[in-house]
Amino acid sequence: MKNEITPSQTALFSAAARAAHPLVDQFPHLLNDDVSARLCKTTSPSPLDFQLAQPGADVLAAARLSACARARYAETVLSESRIEQLVVIGAGLDTTASRVRPELQEQVWLIDRPGVLAWRSQLFDAAGLNDSTHHIGMDLAEGLDLRELQAEGVDLRRPVIVLWLGVSMYLSAQDFRNFITDLAGLQDGSSLVFDYHLPPELRDEAGADYACAVAAMAGREGEPWQCSAAPETVEAWLSELGWRIHEDIDEARAVPDGFLTAQEHLSPMRLVRLVHAVR
């Protein structure tokens, strides 16, 4: 049976933020995501139009910084790694592999709800773009079964890079822990890149305002934010499962020195942390 098309407005919102960044923000840019721009232009109304029309709007500028900082962080880990298998969990409209290591396309597996992956394919087709990555439809609320990855061609005897970005905040704390428990079955040498939200008491005013605005939007779209945690809590969750934190930083520290001072609309906020963990 053909999968029902299930658009993800949060995935489209993030793609528009990445696409708009080099068009409305000051050089040097964190990334240039032409693929996302082409995908956004297949939709009407397009969230890219809102980004271009109101680049100084606080919530749109914060979305650009957050989406681009985490994408650049993932790109850096991927470009510096020799691991040749990439798994993207909650893939949505992720374009990391095509920007950083296009030679890996046949070794990239995208995991999301079947309807979201069908929607992704629909947008790629409408944009005239080839997407040669492997798609694995899963209900992420039920956890991650590594045997399904193996059945789709992932060699679990070899290390894997897992990108798990823009997802953890939509899970309950228990589901968050279940996910990293499932991932603990990966081969030694594997890497995990993910982001998480700080709890309200550790956010600054800008982070609290952005969280309030976007959480309300995500909730209306049926994708409410649920999970937040302090860095020491995340470290404990990971270490008890054999993961070692290589880095856990505020997203503003993932951008080059001097980047933010050159920007008209972008400013740091304390809400999102970026993590690179290794086995």
Side-chain angles (χ1 to χ4, degrees), residues 9-11 13-14 17 30 56-74 77 89-90 92 140-141 143 162-184 192-257 259-261 263 265-278:
Q9 294 304 315
T10 54
F13 187 62
S14 294
L30 297 177
D58 290 345
V59 68
L60 297 179
R64 290 200 303 279
L65 178 59
S66 190
C68 294
R70 75 187 185 200
R72 182 185 174 97
Y73 189 76
V77 174
I89 300 175
L140 298 175
V162 176
L163 302 186
W164 188 40
L165 294 164
V167 179
S168 72
M169 59 288 303
Y170 296 102
L171 305 177
S172 68
Q174 186 57 54
D175 286 341
F176 185 120
R177 298 189 69 178
N178 289 344
F179 250 89
I180 57 177
T181 299
D182 295 337
L183 291 170
L192 170 61
V193 177
F194 70 97
D195 56 351
Y196 68 95
H197 284 176
L198 292 169
E201 65 272 16
L202 296 181
R203 302 169 187 174
D204 62 9
E205 183 176 358
D209 289 345
Y210 181 70
C212 182
V214 178
M217 183 274 290
R220 286 194 302 270
E221 298 297 335
E223 299 175 291
W225 283 355
Q226 300 185 64
C227 185
S228 62
E232 57 269 22
T233 300
V234 173
E235 181 179 15
W237 289 349
L238 289 167
S239 62
E240 69 186 22
L241 293 166
W243 291 97
R244 176 176 58 84
I245 292 182
H246 176 73
E247 191 170 46
D248 181 347
I249 59 174
D250 281 325
E251 67 177 8
R253 287 187 53 205
V255 304
D257 291 341
F259 168 78
L260 288 169
T261 59
Q263 298 303 312
H265 304 304
L266 307 183
S267 57
M269 63 180 177
R270 192 149 199 263
L271 171 65
V272 182
R273 298 280 290 184
L274 295 166
V275 178
H276 177 201
V278 297

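None of the values given here were measured: they were computed from a predicted structure.
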Open item on the list: Run Asp204 and Met269 through side chain to side chain contact (heavy atoms under 4.5 Å, CB included) and show every step you take.
Closed with: CA-CA 7 Å; Asp204 62 9; Met269 63 180 177; 4.1 Å; yes
Open item on the list: Using the rule given for side chain to side chain contact (heavy atoms under 4.5 Å, CB included), can you reason through Phe194 versus Val234, listing the C-alpha separation, both sets of side-chain angles and the distance that settles it, and then say yes or no?
Closed with: CA-CA 11 Å; Phe194 70 97; Val234 173; 3.8 Å; yes
TODO: Kindly indicate, with the supporting measurements, whether the criterion side chain to side chain contact (heavy atoms under 4.5 Å, CB included) is fulfilled by Leu183 and Trp243.
DONE: CA-CA 10 Å; Leu183 291 170; Trp243 291 97; 4.0 Å; yes
TODO: Evaluate the criterion side chain to side chain contact (heavy atoms under 4.5 Å, CB included) for residue pair Val77 and Leu163; output intermediate values, then yes/no.
DONE: CA-CA 10 Å; Val77 174; Leu163 302 186; 6.0 Å; no
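For Gln263, the side-chain hydrogen bond (donor to acceptor under 3.5 Å, both in side chains) criterion is met by no residue, not counting sequence neighbours. Not counting sequence neighbours, the partners of Ala57 by the side chain to side chain contact (heavy atoms under 4.5 Å, CB included) test are Gln54, Leu60. Here His276 pairs with His246 under the ring pair (Phe, Tyr, Trp, His ring centres under 6.0 Å) rule; sequence neighbours left out. Partners of Arg70 according to the side chain to side chain contact (heavy atoms under 4.5 Å, CB included) rule, which considers only residues two or more places apart in sequence or in another chain, are Ser14, Leu165, Asp195, Leu274. Legend: residues meeting side-chain hydrogen bond (donor to acceptor under 3.5 Å, both in side chains) with Ser66, ordered by chain and number and at least two apart, are Glu251. The side-chain hydrogen bond (donor to acceptor under 3.5 Å, both in side chains) test applied to Arg270 returns Asp250, not counting sequence neighbours. Applying the side-chain hydrogen bond (donor to acceptor under 3.5 Å, both in side chains) test to Glu201 and every residue at least two apart in sequence or in another chain returns nothing. Scored by the side chain to side chain contact (heavy atoms under 4.5 Å, CB included) test, Pro231 finds Tyr196, Leu198, Leu202, Asp248, Arg273 as partners (sequence neighbours excluded). Listed by chain and number, the residues in a side chain to side chain contact (heavy atoms under 4.5 Å, CB included) with Ile180 are Trp164, Phe176, Leu192, Trp237, Leu238, Leu241 (sequence neighbours excluded).
Distance CG/Leu260 to CG/Leu65: 6.0 Å, rounded to 0.5 Å. Note: Ser228 OG to Leu271 CG = 9.0 Å, rounded to the nearest 0.5 Å. One distance of note links OG of Ser168 with CD1 of Ile89; it measures 11.5 Å at 0.5 Å rounding.
The heavy-atom pair separating Ala208 from Arg203 by the smallest distance is N-CB, 4.2 Å. Listed here is the closest heavy atom pair of Val59 and Ala213: CG2-CB, 4.0 Å. Nearest heavy atoms, Ala252 versus Val255: O-CG2, 3.1 Å. Across all non-hydrogen atoms, the minimal contact from Ala206 to Pro268 is CB-O, 4.3 Å. When every heavy atom of Ala17 is checked against every heavy atom of Cys68, the shortest pair comes out as O-SG, 3.9 Å.
Of the possible donor and acceptor atoms, one in the side chain of Gln226 sits under 3.5 Å from a partner among the backbone N and O of Tyr170.
Sorted by first and then second residue, the salt bridge (Lys or Arg N to Asp or Glu O under 4.0 Å) pairs with a member in residues 168-184 read Arg177-Glu240; sequence neighbours excluded.
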